[in-house]
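One structure is given below, encoded as structure tokens.
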Amino acid sequence: MIVLKSAREIEIMRRAGSVLADVVERLREIVTPGISTLEIDEDVETFIASRGAQPAFKGYRGFPATVCVSINDEVVHGIPSAQRRIKEGDIVGLDLGCIVDGYYADCAFTLPIGEIPADVQRLLDVTRESLERAIAECRRGRRLSDVSHAVQSHVETHGFSVVRAFVGHGIGRALHEEPQVPNFGEPGRGPELRPGMVLAIEPMVTMGSWEVTILDDGWTAVTRDGSLAAHFEHTIAVTEHGPEVLTRR
Ligand code: MG
């Protein structure tokens with residue numbers, strides 16, 4: 001069942017989203033060569049607490065950290081570590097969620113560290129653009145798979161691949177609610193979008209094959225062919241006036 005949110009509930013989720021928007025700005029400053037992924041995680045956990053929010057991922061199905069840090073061929077769910085340090089030329093996926101007054105917000109972005117090749121920058125740009133196209137579909141009367149199709153068509157037009165194994169999701173009183181939001185599919189299918197739906201849309205895109213495999217840590221998803229991957233995500237409310245991105249300033 002898809003739970004519609006009231007204006008009051010969306011206002012709470014807007015507050016959760018604004019905490020994450022501020023974390024993103026902070027991460028753009030602190031994620032630089034030499035910092036360990038554990039130091040990133042500790043910084044974000046402290047920051048989220050200072051804003052009166054709680055981390056959404058820590059303890060979720062046993063995940064041990066506040067931020068998922070996924071570098072280069074890691075697609076999602078990388079576990080922060082004191083041994084893992086950011087290097088010049090990395091692309092770093094940062095996925096974060098928080099809870100305010102019982103409501104969740106979820107967002108992610110992929111940050112280039114220093115100089116990266118033009119084709120890798122293109123991967124990041126196309127992934128971000130595919131999310132924007134999906135957001136534009138979040139309006140009354142569109143069908144759920146119109147969102148999915150917007151991602152896939154843009155990504156594949158540019159010669160990249162959409163990961164199948166992970167999908168976006170409804171979000172609210174739980175991190176993962178119905179419906180699932182795949183990043184691929186034919187348009188015009190699934191439930192009609194209605195005001196009050198809140199979706200976390202999160203294209204995961206690779207430069208090679210879309211197949212992924214999970215490392216022995218039980219969490220980290222990497223591309224099977226070792227190709228680079230990007231991940232962008234926002235939490236979006238469908239409103240009477242169209243899409244409202246809750247995790248953006
Ligand atoms: Mg998510």
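Whatever order the structure lists them in is the order used to number ligands and atoms, beginning at 1. Bear in mind the structure is a predicted one, so any value in this text is a computation, not a measurement.
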Contacts of Arg140 that satisfy salt bridge (charged side-chain N to carboxylate O under 4.0 Å, His left out) - sequence neighbours left out: Glu240
Enclosure of Arg61 CZ (heavy-atom neighbours >12, cutoff 6.0 Å): no
Whether over 12 other heavy atoms sit under 6.0 Å from Gln121 CD: yes
Cluster overlap Ile2 with Ile201, hydrophobic side-chain contacts below 4.5 Å: yes
Phe57 with Val167, same ILVMFWY side-chain cluster at under 4.5 Å: no
Chi angles and distances behind the ring pair (Phe, Tyr, Trp, His ring centres under 6.0 Å) call for Phe166, His231: CA-CA 11 Å; Phe166 303 99; His231 179 208; 9.0 Å; no
Total protein N/O/S atoms whose distance from the Mg ion (ligand 1) is less than 2.8 Å: 4
